Structure formats: C-alpha cells, structure tokens
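Take a look at the structure set out below.
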Amino acid sequence: MIRVLLADDQRLVRAGFRSILADEDDIEVVGEAADGRAAVSACHELSPDVVLMDIRMPGMDGLDASRAIAGDERLASVKVVILTTFDLDDYVYGALRAGATGFLVKDTEPEELLQAVRVAARGDALISPSVTRRLIAEFAGRVKAPQPDPRLGALTEREREVMQLVAAGLTNDEIAARLVLAPSTAKTHVSRIMSKLGARDRSQVVVLAYESGLVSPGWLAD
C-alpha cells in the first residue's frame, strides 16, 4: 500500500486528488496539509511514502518544505512530488535542487497522476514524462558555470555513461535498452551511482550531472 500525503492550500485541489487516488487498491491518502510547515509535521506523524506538494502555500512554501524533508534523515524514505502549473515552470529546477523526487503539472490526466505516485514510491524515475526531459534541459541551462565534483571520480566509465542517461530522463528499462544491458543490471548501476554520490534519489543525480558539467544543458538522449 502506497501512503500519500496531500499538501496544497486549496481545499478543492486536495479533494480532487483525493477523489482520484481513493479509487485505487494500492494507494491510501493518509493525510492532508494546507501549508509547508504542516506538511513537514505530517510527514513525521504519518510517515507517508509520497507527498504531493504544492509550491505556493502560505508560510513555509513547497520548496522550503521539500528541503526540510530531504534534509531530515528520519524522513529519508519520503518522496516529494512537486505540483506545478505551466506559468510556474521557473520553479521546477529549484524543486529538484530542493530534494524533490520529481514534479507534476496540476492539470495532468488522472492516469498520469496515479502513475506518478507509483513511480515516485519506488524511486524509479522522474515524473511527468511528457514534460520532464524538456524542462530539465531548459532549466539546467540557467545553472551557473559547471563546477567539477570530486565525487564523480569514484564512478566507473560505465557508471558515468549511465548517469548521463539518468540525467536525460531515461528510466532503468530505457537505459538497459540503450546500453544493451539487462534491466536488473541497469538498476544496479543506478543504485551504485546514488550510493557513491550520496544522492537521496534519481533527481539529485540529475542535478549533480548538470551542475558538475557531466551533462551540458540542452543535451538529451535521442
């Protein structure tokens, strides 16, 4: 059972998401929060697997709440999915840097919402495939000049290659197909990369890939 916390200051938005999620046998909405501070508190109290987190909320906003959750070892298993709208796209890259697992656009289709929750719960990939790769490339272009990161020195050549594909938004299965590997082997490579880099999840691997210069802004796998 995937335990979900809804964090949004609009009651109708929370009700809409709850209605969609409540029909699923493998998903349970365990709580709601109307601001970021309440969301962080609810994470400690309820131990959700996934938090659907709005960005703009009174008091502590979604980005600060995401940082608080990502920076708390007691909440290491909690995955945050940021909710955004197209006119708030500027926040997306900041959300990934804040420790969010990924993001969803608020007008997403119900099927995409359900898939996003399941994907986030298993930490398998970034969210909203229809926009993820475009947005990562676009907003990574706003990062300051790349700074070499000594942690990349611990990676093998194959792991660096896999890290580039993770940064392009590919799933484990897509990476396996691209490199002609077994899916389990691709998954193992990704796990080792996260361990060597001290990354909480795949999104932190993506951010590090861009900020270290391993992947250049605008580079995407075909």
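All values below were derived from every heavy atom in this structure, side-chain atoms included, with hydrogens, water molecules and symmetry-related copies excluded. As the structure is a prediction and not an experimental result, all values here were calculated from the model.
Of the inter-residue distances, the one linking Ile55 atom CD1 with Asp64 atom CG reads 11.5 Å to the nearest 0.5 angstrom. The structure places CG of Asp35 at 11.0 Å from CG of Asp8, a figure rounded to the nearest 0.5 Å. For the atom pair CG of Leu52 and CG of Leu21, the computed distance is 6.5 Å after rounding to the nearest 0.5 Å. From Leu113, atom CG reaches atom CD1 of Ile20 across 5.5 Å, with rounding to the nearest 0.5 Å. Atom CZ in Arg202 sits 9.0 Å away from atom OG in Ser191 (nearest 0.5 Å). Annotation: the span from Ile27 atom CD1 to Arg3 atom CZ amounts to 13.5 Å, rounded to 0.5 Å.
The side chain to side chain donor-acceptor pair (under 3.5 Å) check on Arg158 picks up Glu161, with sequence neighbours excluded.
Arg192 and Glu159 are not joined by a salt bridge, as no carboxylate oxygen comes within less than 4.0 angstrom of a charged side-chain nitrogen. Salt bridge status for Glu32 with Arg11: absent, with no side-chain N to carboxylate O gap under 4.0 Å. Ion pair Lys106/Asp54 flagged as a salt bridge, since at least one NZ, NE, NH1 or NH2 atom sits closer than 4.0 Å to an Asp/Glu carboxylate oxygen.
The shortest distance between side-chain heavy atoms of Val78 and Val50 does not fall below 4.5 Å. Residues Phe17 and Val4 form no side-chain contact, since every pair of their non-hydrogen atoms from C-beta on lies 4.5 Å or further apart. In this structure, Asp149 and Leu152 have side chains that are in contact, with non-hydrogen atoms separated by less than 4.5 Å. Contact of the Ser66 side chain with the Val80 side chain is registered, since non-hydrogen atoms from C-beta on lie closer than 4.5 Å. Looking only at side-chain heavy atoms (C-beta outward), Leu114 and Glu24 come within less than 4.5 Å of each other. Within the 4.5 Å cutoff, the side chain of Val51 has heavy atoms near those of the Met53 side chain. In this structure the side chain of His189 reaches within 4.5 angstrom of the side chain of Leu181, judged on heavy atoms. Residues Lys79 and Asp49 are not in side-chain contact: their nearest non-hydrogen atoms beyond the backbone lie 4.5 Å or more apart.
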Q: Would you sort out whether His44 and Asp72 count as a side-chain contact (heavy atoms from CB on, under 4.5 Å), showing the intermediate values?
A: CA-CA 10 Å; His44 285 285; Asp72 193 327; 2.9 Å; yes
(Q) Quick one, Met194 with Val190, criterion side-chain contact (heavy atoms from CB on, under 4.5 Å). Give me CA distance, side-chain angles, the key distance, then yes/no. (A) CA-CA 6 Å; Met194 289 192 292; Val190 173; 4.2 Å; yes
Q: Apply the test side-chain contact (heavy atoms from CB on, under 4.5 Å) to residues Leu214 and Arg160: give CA-CA distance (whole Å), side-chain angles for both, the deciding distance (0.1 Å), then the verdict.
A: CA-CA 8 Å; Leu214 180 65; Arg160 291 169 71 92; 3.7 Å; yes
Q: Before giving the answer on side-chain contact (heavy atoms from CB on, under 4.5 Å), spell out for Val81 and Val117 the whole-Å C-alpha distance, their side-chain angles and the decisive distance to 0.1 Å.
A: CA-CA 8 Å; Val81 177; Val117 168; over 6 Å; no
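Here the closest heavy-atom approach between residue Asp173 and residue Pro183 is recorded as OD1-CB, 3.5 Å. Taking all atoms of both residues into account, the shortest heavy-atom contact from Ala186 to Ile175 is CB-CG2, 4.2 Å. Of all non-hydrogen atoms in Ala39 and Ala7, the two that sit nearest each other are CB-CB, 3.8 Å. Between Leu155 and Met163, the shortest heavy-atom contact is CD1-SD, 3.7 Å. Residues Ala42 and Pro48 approach most closely at O-CD, 4.2 Å, considering heavy atoms. Met1 and Asp25 get closest at one heavy-atom pair: CE-O, 3.2 Å.
Counting only distance, with no hydrogens or angles, the side chain of Thr188 and the backbone of Ser184 share a donor-acceptor pair below 3.5 Å. Between the side chain of Glu174 and the backbone N or O of Thr171 there is at least one donor-acceptor pair closer than 3.5 Å. At distances below 3.5 Å, at least one donor-acceptor pair connects side-chain atoms of Arg151 with backbone N or O atoms of Leu197.
Within 6.0 Å of CZ on Arg118 lie more than 12 heavy atoms contributed by other residues, nucleotides or ligands. Crowding of Lys196 atom NZ: a count of heavy atoms from other residues, nucleotides or ligands under 6.0 Å exceeding 12. Environment of CD in Glu28: crowded, with over 12 heavy atoms of neighbouring residues, nucleotides or ligands closer than 6.0 Å.
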